[in-house]
Amino acid sequence: MASHDLAIEAIDLRKRYGSTEAVAGISLSVHRGEVLGILGTNGAGKTTTVEMIAGLRRPDQGTVRVLGLDPEADRGKVRQVLGVQLQSSELHGSLTVTELVDLYASLYPHPVPTGELIEQVGLTEQVTTRFEKLSGGQQQRLSIALALVGRPRVVILDELTTGLDPRARREMWRTVENLRSSGATVLLVSHAMEEVEALCDRVALFAAGQVTALDTPSGLTDRVGASSLDEAFVTLTGQEPEEIP
């Protein structure tokens, strides 16, 4: 596939922390308009990999391109096309939901209107609530709103629905489906098999800092004659899947 057809291209990424090689030669290509899921247990290298793709962490080795841009050398341009929601985020505790969305919106030329975005993530009743007073699930929703405020063409979502109740989880699924419909590319890191099966065009299975398999959800199950993605995950990675909190 030609490089101009790719939204994300990561080649031979490696990252070591002391004696531990967290990412041990990972390569990923994500097509434009695709939802690619990343599945793996804690310590598999998922978050470190997406942080390197986002330019938040420098790889020891390897290269990354997001829509043809280098996340380090072209940092300003990448910030205009890439939205990132990480598993945990620290925001100014005394600012309200509206103030934080307005602040982030000011960084982009054509942001999503604040009220529309707040309604989209289900925080309408918390518009005047300070960040420090939000529940964990509400903070998660806000971080998703901040990732989407600039109308990004590529979105990284790390544990999208952690801490959310079933209704809120379904609402976030619809958000991902809407992103795909708009032509955005989504890199979705998750523990939740059901979520990945419902939302992702392809799935990369991570184990010990490497990609052990990459295929469609049905392709992964068919490959090993599994009856479910959970079963395929165990067979292909040698690890038991973790339950989403």
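Values below: every heavy atom of this structure, side chains too, minus hydrogens, waters and symmetry copies.
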Look only at the side chain of Arg16 and the backbone of Ser19, and say whether a donor-acceptor pair between them is shorter than 3.5 Å.
yes

Kindly determine whether Glu195 and Arg169 satisfy side-chain contact (heavy atoms from CB on, under 4.5 Å), including the steps that lead there.
CA-CA 9 Å; Glu195 181 169 282; Arg169 190 170 297 171; 4.3 Å; yes

Arg58, CZ atom: more than 12 neighbouring heavy atoms under 6.0 Å:
no

Criterion side-chain contact (heavy atoms from CB on, under 4.5 Å) on Glu171 and Arg141, from CA distance to verdict:
CA-CA 10 Å; Glu171 290 173 353; Arg141 295 190 198 194; 4.1 Å; yes

Positive for side-chain contact (heavy atoms from CB on, under 4.5 Å) with Val101, one of Leu95, Leu148, Val121, Leu146:
Leu146

Atom of Ala147, atom of Pro152 and distance for their closest heavy-atom approach:
O-CG, 3.4 Å

Quick check: does any side chain N or O of Arg151 sit under 3.5 Å from a backbone N or O of His110, one acting as donor and the other as acceptor?
yes

Gln120 (side chain) donor-acceptor with Ala145 (main chain) under 3.5 angstrom
no

Exercise: identify the closest heavy-atom pair between Gln239 and Thr41:
OE1-OG1, 3.1 Å

Rounded to the nearest 0.5 Å, the CD atom of Glu21 sits from the CZ atom of Arg14 at a distance of 5.5 Å

Close side-chain approach of Ile118 and Gln126, heavy atoms under 4.5 Å:
no

Would a distance-only check, ignoring hydrogens and angles, find a side-chain to backbone donor-acceptor pair under 3.5 Å from Ser143 to Gln85?
no

Among the clusters formed by ILVMFWY side chains lying less than 4.5 Å apart, do Val234 and Leu39 turn up in the same one?
no

Leu69 and side-chain contact (heavy atoms from CB on, under 4.5 Å): which partner among Val154, Leu82, Asp74?
Asp74

Could you give the side-chain donor-acceptor pairs of residues 196-209 under 3.5 Å, partners two or more places apart or in another chain?
residue	atom	partner	partner atom	Å
Asp201	OD1	Arg180	NH2	3.4
Asp201	OD2	Val35	N	2.8
Arg202	NE	Glu34	OE2	2.5
Arg202	NH2	Ser29	O	2.7
Arg202	NH2	Glu34	OE1	3.1
Arg202	NH2	Glu34	OE2	3.4

Report the residue from Thr185, Ile8, Leu28 that forms a side-chain contact (heavy atoms from CB on, under 4.5 Å) with Leu36.
Leu28

Hey, what do you get for CG (Leu100) to OG1 (Thr129), rounding to the nearest 0.5 Å?
11.5 Å

Reported CZ-to-OG1 distance for the pair Arg57 and Thr49, which is rounded to 0.5 angstrom
11.0 Å

Got a sec: does the CZ of Arg153 have more than 12 other heavy atoms crowding it under 6.0 Å?
no

Name of the residue among Val186, Val50, Val66 meeting side-chain contact (heavy atoms from CB on, under 4.5 Å) with Ile156:
Val50

Separation between CG (Leu13) and CD1 (Ile53), nearest 0.5 Å, reads 6.5 Å

Shortest non-hydrogen contact between Ser94 and Glu99, atoms and distance
O-OE1, 4.3 Å

If you draw a 6.0 Å radius around CD in Glu119, do more than 12 non-hydrogen atoms from other residues or ligands fall strictly inside?
no

Lys46 side-chain N/O to Val189 backbone N/O, donor-acceptor pair under 3.5 Å
no

Please report the interatomic distance OG1(Thr221) to CG(Leu236), rounded to the nearest 0.5 Å.
10.0 Å

Minimum heavy-atom distance between Gly55 and Arg75, given as atom pair plus value
O-NH1, 3.3 Å

So, the side chain of Gln140 versus the backbone of Leu160: is there a donor-acceptor pair under 3.5 Å, distance only?
yes

Between Gln80 and Pro109, which heavy-atom pair has the shortest distance, and what is it?
OE1-CD, 3.3 Å

Measure the spacing between CE of Met52 and CD1 of Ile26 and express it to the nearest 0.5 Å.
7.0 Å

Please name the pair of heavy atoms, one in Ala105 and one in Pro111, separated by the smallest distance, quoted to 0.1 Å.
O-CG, 3.6 Å

Run the numbers on Ile11 and Arg65 for side-chain contact (heavy atoms from CB on, under 4.5 Å), then give the verdict.
CA-CA 9 Å; Ile11 302 174; Arg65 293 294 181 269; over 6 Å; no

I would like to know whether Asn42 and His191 meet side-chain contact (heavy atoms from CB on, under 4.5 Å); could you show each step before the answer?
CA-CA 9 Å; Asn42 286 332; His191 282 111; 3.4 Å; yes

